[in-house]
Amino acid sequence: MLRIQAIRDQKDAIIEALKKRNIDATPLIQEVLELDEKRRATQTKLDNTLAEANKLSKEIGMLFKSGKAQEATALKEKTGALKEESKQLGDELNAAADTLQTLLYQIPNVPHESVPAGNSEEDNEEVFAEGDIPELTSNALPHWELAKKYDIIDFELGVKITGAGFPVYKGKGARLQRALISYFLDKNSEAGYTEIQVPHLVNEASGYGTGQLPDKEGQMYHVTEDDLYLIPTAEVPLTNMFRGEIVNEKDFPFCYTAYTPCFRREAGSYGAHVRGLNRLHQFDKVEIVRVERPDDSYVALDGMVEHVKTILRELKLPYRILRLCGGDLGFTSALTYDFEVFSTAQDRWLEISSVSNFETYQANRLKLRYKDANGKSQLAHTLNGSSLALPRVLAGILENYQTENGIQIPEVLVPYCGFSTID
RNA sequence: GGAGGAAUGGCAGAGUGGUCGAAUGCGGCAGUCUUGAAAACUGUUGAGGGUCACACCUCCGGGGGUUCGAAUCCCUCUUCCUCCGCCA
């Protein structure tokens, strides 16, 4: 959520920047400012009323103490009207504050200046590419065929147990999954990210903290009995560790990594592009999250991008990095880099990581602050990225590493797997 | 799941109707002393709204109530602890 102070100070710049997202925020911002004005005016009135009531109460106390009960009783009568007034003003204040909050939730984050304008993924800007696209034989198979051929992933079995989008990994497939998780976690730990295990269900407040709520509840599985949500990403519990915290400036940066399964309803996604591992309701992901001092957050973002690069380099997968355009940028993000691996047998790019800087947008919702040198509270910056999402990396490995004699395991994974070929 | 107890500032912990945003200790920060550090001593140290700055207002787990007045009394929810039951 944008800071109301920022909207007051830089209204025009914010409206201008939001145009990159192809929205005209003018009416919304205008409404916000009017409401903010009203809220503050009401607050002042209420404060004055309460101040008067407080004063009277004190006087009554004194009078009773000095035995002047009659005068005290006379004063009591005056408080009735004040009470009535403050109640009404309080209700007005709450109503204004609630509406203001609702409006603020509707304004997306302001894109970073480097974000290109654009409407769709077509307009994303390729900023980097690396790795050779392998020459496959003419009878090369997409990963879902390979999974069946070597009996390592069973989609039908998942349908039987749960439903579409819940695959069952078997034998070397399961082992390869576990190897990837361990490998990613090890790489992240080496890079200074502290490994964490988090709950896979979160409460409503956490959903609001990172921005899944109130807008995207349809994307999360909701356990209504206990009012908990299955996490769509480890970002939610990891970032919410900091909800309501005031951290010490000298403790920056905070770097965490966690492996979790991720649950997404993916309502409305069907068709060829969601075949196999391309889009699932449950998948595994290793996430990295950072909390930074505002001045350092873009250096940190670059650092995260470099880190993910080293992993893909070691896996020897062909990939590219896109800077998302305004139209494709997530609601809460200021700048996002997507990593895509080339799926040779499908002849398409698959998104495997998304690395974002949210600046103060999440921190403002989370009330995640630090004390600056002057002892003032400031909002921190939050960032996160996948490092990495498993299914599409797996798809990339299966397809790009397929040979006549089976699927070769990338060298760095062999020690984790305990085998070098799936055949 | 049943019975009882508890929730106060970074932490510990006092406060059971008015002068309490809250004693005290620890921790943090600044200073004195010291070549420097430690110790000792002195000062300072919750958050939010509001203001040019003050004033002022709100917050003692969340919500509601009683009262002129609530950290303190009542209701309710949540969480934690103890005992019992169940159990990976």
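- Between B/rG50 and A/R39, a contact under 4.0 Å exists linking OP1 or OP2 to a side-chain N or O.
- For A/T44 and B/rC57, the shortest distance from a side-chain N or O to OP1 or OP2 is not below 4.0 Å.
- Among B/rC56, B/rG48, B/rU51, the nucleotide with an atom closest to any side-chain atom of A/D47 is B/rC56.
- Checking B/rA12 for Watson-Crick or G-U wobble geometry (two distances, each under 3.5 Å) identifies B/rU24 as its partner.
- For the pair A/K285 and A/Y259, the cation does not sit on the ring face, since its NZ or CZ is not both under 6.0 Å from the ring centre and inside 45° of the axis.
- For B/rC56, neither phosphate oxygen OP1 nor OP2 lies less than 4.0 angstrom from any side-chain nitrogen or oxygen of A/K55.
- The aromatic rings of A/F242 and A/Y256 sit tilted relative to each other, their planes meeting at an angle between 30° and 60°.
- Remark: B/rU79 base-pairs with B/rA6; criterion is Watson-Crick or G-U wobble with both hydrogen-bond distances under 3.5 Å.
- Across every strand in view, B/rC41 sits in a pair with B/rG31 that passes the Watson-Crick or G-U test at under 3.5 angstrom.
- Going from the C1' atom of B/rC75 to that of B/rG1 covers 24 Å, rounded to whole Å.
- The closest side-chain heavy-atom distance from A/E399 to A/P142 is below 4.5 Å.
- Per the geometry, CD belonging to A/E249 stands 14 Å off C1' belonging to B/rC29, to the nearest Å.
- Checking B/rG17 for Watson-Crick or G-U wobble geometry (two distances, each under 3.5 Å) identifies no partner in any strand.
- Salt bridge status for A/K170 with A/D151: present, with a side-chain N to carboxylate O gap under 4.0 Å.
- Only the C1' atoms considered, B/rG5 is 29 Å distant from B/rA88, to the nearest whole Å.
- The C1' atoms of B/rA14 and B/rC60 are separated by 13 Å, rounded to the nearest whole Å.
- Taking for each of A/D36 and A/A51 the nucleotide of RNA chain B with the nearest heavy atom, the 5'-most of the two is the partner of A/D36.
- In this structure, the NZ atom of A/K45 is 18 Å from the P atom of B/rU58, given to the nearest Å.
- Summarising the geometry, the separation between CG on A/L228 and P on B/rU79 is reported as 10 Å, rounded to the nearest angstrom.
- Nucleotide B/rA70 forms a pair with no other nucleotide shown, judged by Watson-Crick or G-U wobble geometry with both contacts under 3.5 Å.
- In this structure, CE of A/M62 is placed 10 Å from C1' of B/rG18, rounded to the nearest angstrom.
- Across all strands shown, A/T73 has no heavy atoms under 4.0 Å from either base or sugar-phosphate atoms.
- The CG-P distance, from A/N203 to B/rC77, rounds to 19 Å in whole Å.
- If you take atom C1' in B/rU76 and the same atom in B/rG18, they sit 27 Å apart, rounded to whole Å.
- Remark: the separation of the P atoms in B/rU34 and B/rG28 is 23 Å, to the nearest Å.
- Counting non-hydrogen atoms under 4.0 angstrom, A/T79 reaches the backbone sugars and phosphates but no base.
- Heavy-atom nearest nucleotides on RNA chain B were determined for A/L50 and for A/K250, and the one closer to the 5' end corresponds to A/K250.
- In this structure, the CG atom of A/N248 is 15 Å from the C1' atom of B/rC11, given to the nearest Å.
- Note on A/R8: a side-chain N or O is less than 4.0 Å away from OP1 or OP2 of B/rG50.
- For A/E245 and B/rG10, the CD to P distance is 10 Å, given to the nearest whole Å.
- Using cut-offs of 30° and 60° for the angle between ring planes, the A/Y319 and A/F339 rings count as parallel.
- The side chain of A/K83 lies closest to B/rU67 when the candidates are B/rG48, B/rG49, B/rU67.
- Residue contacts shown for A/I60 include a base, since a base heavy atom lies under 4.0 Å away.
- B/rG48 atom P lies 10 Å from atom CG of A/L379, rounded to whole Å.
- Remark: the separation of the C1' atoms in B/rC57 and B/rG43 is 29 Å, to the nearest Å.
- Base-pair partner of B/rC52: not found among the strands shown (Watson-Crick or G-U wobble, both distances under 3.5 Å).
- By the 4.0 Å N-to-carboxylate-O rule, A/K148 lies too far from A/E145 to be salt-bridged with it.
- The heavy-atom pair separating A/H307 from A/Y193 by the smallest distance is CD2-CE1, 4.3 Å.
- Atom name C1', nucleotides B/rU24 and B/rG15: the rounded distance is 11 Å, in whole Å.
- Checked by distance alone, A/N54 brings no side-chain donor or acceptor within 3.5 Å of a matching partner on the base of B/rG69.
- The same atom, P, is picked in B/rA23 and in B/rG10; the two are 14 Å apart, to the nearest Å.
- Taking each heavy atom of A/Q43 and A/L93 in turn, the nearest pair found is OE1-CD2, 3.7 Å.
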